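For reference, the structure is listed below as structure tokens.
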Amino acid sequence: MIATIQAWFQQLYETTGFNFTVFYDPYDWDRYVAGLRMTLLLGISTILASLVIGAVGALLQSGPSRVLRALVNGFVVVFRNTPPLVQIFFFYFGLGTLLPDIRSADGLRAPILNNVQWAIISLSLFAGAFNVEIFRSGIEAVPRTTVEAAEALGYTRFKAYRYVVLPLALRVCLPALNNNLINLLKTTTLAYAIAVPETLYAVKQIWSESQNVLEMMLVLLATYAVLVGVLVWIMHRWERALRIPGYGR
């Protein structure tokens with residue numbers, strides 16, 4: 001089956017000039033798959049981290065401490081109002097140069113955090129700032145009587161937030177949260193700017209060597225259309241599974 005597909009794309013190139021090397025050249029295919037794996041790593045890790053940042057930030061933002069509220073508000077203002085590419089550059093080229101190097105097993109000096117880790121940190125904080133406001137809007141939609149009922153049953157503030165407020169708030173803010181996470185998946189392409197070998201980086205290498213820009217751009221667009229489509233399907237399934245009559249509708 002694989003050999004048939006490779007032969008078909010090879011023949012397509014010979015007869016029409018459309019050079020989809022990624023589908024018949026094992027070397028280009030391996031580079032493309034490696035880039036796709038890196039995109040999935042960036043997407044999954046940043047989505048999970050940004051959800052945690054959003055939930056914790058919303059808890060602190062609605063807490064009694066003015067200092068913590070001010071810190072969270074400052075974090076949200078900074079990361080929502082600056083471009084994500086600037087943030088990536090700030091972390092990688094700015095903070096990255098301030099951290100001490102470590103000595104690897106072969107005796108070479110290496111940075112504590114590499115470009116992939118800086119990209120995950122930067123993109124997680126960027127999306128997390130939006131998630132804080134999204135979770136906050138959901139928390140404010142939960143009736144105060146529900147929180148009072150939880151407190152009357154002996155729940156501490158943290159347990160009431162974890163077991164009562166957050167599950168209800170999540171159902172209210174899921175549509176907005178879905179949009180932010182989908183945008184985050186697409187924003188992972190900015191990691192290309194600091195040489196993270198994700199899909200765009202791999203495809204750029206392929207078309208630079210094979211001179212097939214149009215073909216590889218089509219492959220790139222199709223790849224992200226499929227990735228985003230799968231994420232949308234997962235998020236919609238999640239939304240339907242958590243739906244409660246009277247909340248979020």
Side-chain angles (χ1 to χ4, degrees), residues 1-51 82-93 114-128 130 177-237:
M1 181 64 179
I2 296 178
T4 302
I5 295 174
Q6 291 175 338
W8 188 88
F9 278 102
Q10 181 72 46
Q11 184 179 9
L12 179 69
Y13 172 53
E14 295 172 353
T15 56
T16 66
F18 287 102
N19 189 17
F20 291 92
T21 58
V22 71
F23 295 124
Y24 67 82
D25 186 336
Y27 178 63
D28 285 351
W29 171 255
D30 290 341
R31 287 193 291 179
Y32 169 74
V33 171
L36 184 59
R37 288 198 189 103
M38 181 58 66
T39 294
L40 292 175
L41 171 64
L42 290 174
I44 294 173
S45 57
T46 53
I47 285 173
L48 295 178
S50 67
L51 288 174
T82 54
L85 182 58
V86 173
Q87 295 171 20
I88 290 175
F89 283 162
F90 171 75
F91 280 103
Y92 185 66
F93 295 111
N114 58 33
N115 56 345
V116 176
Q117 293 166 331
W118 277 123
I120 292 174
I121 292 172
S122 177
L123 293 172
S124 298
L125 293 174
F126 168 71
F130 287 89
L177 189 64
N178 292 349
N179 290 334
N180 191 43
L181 298 183
I182 291 168
N183 287 331
L184 174 59
L185 176 60
K186 294 182 287 186
T187 307
T188 58
T189 54
L190 294 179
Y192 168 88
I194 56 173
V196 174
E198 41 77 56
T199 306
L200 176 59
Y201 187 91
V203 168
K204 175 62 168 59
Q205 287 185 320
I206 294 172
W207 82 49
S208 296
E209 297 175 4
S210 302
Q211 300 299 313
N212 57 346
V213 178
L214 174 61
E215 293 87 342
M216 293 313 301
M217 283 302 302
L218 291 174
V219 172
L220 186 64
L221 289 173
T223 299
Y224 276 97
V226 171
L227 290 177
V228 171
V230 171
L231 180 59
V232 168
W233 178 79
I234 292 173
M235 297 302 291
H236 285 173
R237 288 291 300 268

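As the structure is a computational prediction, the values presented were derived from the model and not from experiment.
- Counting heavy atoms from C-beta outward, Asp25 and Ile206 have side chains that stay 4.5 Å or more apart.
- The distance from atom CG of Leu218 to atom CZ of Phe20, rounded to the nearest 0.5 Å, is 5.5 Å.
- Residues Leu85 and Tyr192 are not in side-chain contact: their nearest non-hydrogen atoms beyond the backbone lie 4.5 Å or more apart.
- No side-chain heavy atom of Leu221 sits less than 4.5 Å from a side-chain heavy atom of Tyr224.
- The number of heavy atoms from other shown groups lying within 6.0 Å of CZ (Phe18) does not exceed 12.
- Between Trp29 and Tyr32, the ring planes are tilted. Angles from 30° to 60° get that label.
- You'll find the side chain of Met235 reaches within 4.5 Å of the side chain of Leu181, heavy atoms only.
- Within 6.0 Å of atom CG in Leu214, more than 12 heavy atoms from other residues, nucleotides or ligands are found, so the atom counts as buried in its surroundings.
- At a threshold of 4.5 Å between non-hydrogen side-chain atoms, the residues Ile88 and Phe126 do not count as touching.
- Expressed to the nearest 0.5 Å, how far CD1 of Ile120 lies from OG of Ser50 amounts to 12.0 Å.
- Put simply, the side chain of Leu51 reaches to within 4.5 Å of the side chain of Leu177, judged on heavy atoms.
- Within the 4.5 Å cutoff, the side chain of Leu40 has heavy atoms near those of the Leu227 side chain.
- For the atom pair OG of Ser122 and CZ of Phe90, the computed distance is 9.5 Å after rounding to the nearest 0.5 Å.
- Not a single donor-acceptor pair under 3.5 Å links the side chain of Glu215 to the backbone N or O of Thr21.
- A distance of 6.0 Å separates NE2 in His236 from CG in Asn178, rounded to the nearest 0.5 Å.
- Looking at Phe23 and Leu12, their side chains never come closer than 4.5 Å, going by heavy atoms from C-beta outward.
- For Gln11, the CD atom is loosely surrounded, since the number of other residues' heavy atoms within 6.0 Å does not exceed 12.
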### Task
Quick one: do Thr223 and Thr199 satisfy side-chain hydrogen bond (donor to acceptor under 3.5 Å, both in side chains)? Show the steps, please.
CA-CA 9 Å; Thr223 299; Thr199 306; over 6 Å; no
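- Atom CE of Met217 is separated from atom CG of Leu200 by 7.5 Å, given to the nearest 0.5 angstrom.
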